[in-house]
Amino acid sequence: MKNDYGKRLERAYKAVQNAEYILIGAGAGLSASAGLSYSGERFEKQFADFIKKYGVEDMYSATFYPYKTQEELWAYWARHIAANRWDVPALPLYKELLKLIQDRDYFVITTNVDAQFEKAGFSMERFFAIQGDYGFFQCAKGCHSKLYRNEAAVREMIENAVDLKIPSSLVPKCPICGGDMSVHVRKDEYFVENEVWRQNHTRYSDYIKKVLDKKLVLLELGVGYNTPGIIRFPFEQITYQNVDATLVRFNRDYPNGAKENIRRTVAFTEDIAPAIRTLLRCEGGHHYGTGKTS
Ligand SMILES: [Zn+2]
């Protein structure tokens, strides 16, 4: 599979060109390829003091660390939210992806919570962030469904943190029940599914029904195996049910899916960013740049 990269890009390009509908399913791998890596230099630079104190190994596992107090927990989360949500502009890869598909009837479902699709200018009427958004707080027990934009609170926590603790006065409390708040990211049964979430869920379901027998490309980008029931398995099923569908999958570790779909799948273990860039260059009429010319 490795040495036919150019051929697979060509297949992917033709599928995208011929598609009436483009369904994007995006996971952590897309943001990592865009530059928002949760480990390595980015983590080591921005979180050196947390690494020293807690021995945490990356930003993902650091969110699960059993911090003893709310003051310590929020000191970590504030910096994590700022680093991945408020301090990051729209990344080029997301903007390029939009350029590639913006003239089509598209829809995005993502497990990412970093708001990159929104920042890059994707239509929020064609977008379902099923797992939440770092940019909001909610009641930790979900006692009411209001979400609270957290940029100002997060910045205040960062400015006032001492010894990796925020002042007790800055620990966010639920205005209704008085209990703890949490980040609006699905981690337990208290995740708030508010009106916007439910509306987007309905739009996604409607879109899936609409494209059932249409010329469809499913772009599955960096979806890992943490929650395969959200994007990966449904995408396999949609592909299986639609003879005119093509599944274009970028997955470094698990490129192979259902064998029934093999002929309708183009799988890549290669990095997403350079591949999308090459597909965009094709749009401009240039060659594939990987051996074969168009
Ligand atoms: Zn509450």
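Both ligands and their constituent atoms are indexed starting at 1 by order of listing.
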Tell me the protein N, O or S atoms under 2.8 Å from the Zn ion (ligand 1), in chain and number order.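 Near the Zn ion (ligand 1), the protein supplies Cys139 SG, Cys143 SG, Cys174 SG, Cys177 SG.
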I'd like to know whether the aromatic ring centres of Tyr134 and His184 sit less than 6.0 Å apart in this structure.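 Ring-ring flag for Tyr134/His184: false, centres at least 6.0 Å apart.
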Determine whether the aromatic ring centres of Tyr94 and Phe117 lie less than 6.0 Å apart.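 Yes, ring centres under 6.0 Å apart.
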Is the positively charged end of Arg79 above the ring of Phe47, judged by distance under 6.0 angstrom from the centroid and angle within 45° of the axis?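 Cation-pi check for Arg79 and Phe47: passes.
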4.5 Å side-chain heavy-atom contact, Leu30 and Leu97: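 Of all side-chain heavy-atom pairs linking Leu97 with Leu30, at least one is under 4.5 Å.
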Within 6.0 angstrom of Asp188 CG, more than 12 heavy atoms from elsewhere: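 Yes, the 6.0 Å shell around CG holds more than 12 heavy atoms from other groups.
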Using the six-membered ring wherever Trp is involved, compare the ring planes of Tyr60 and Phe64 and label them parallel, tilted or perpendicular (cut-offs 30° and 60°).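 Tyr60 and Phe64: perpendicular rings.
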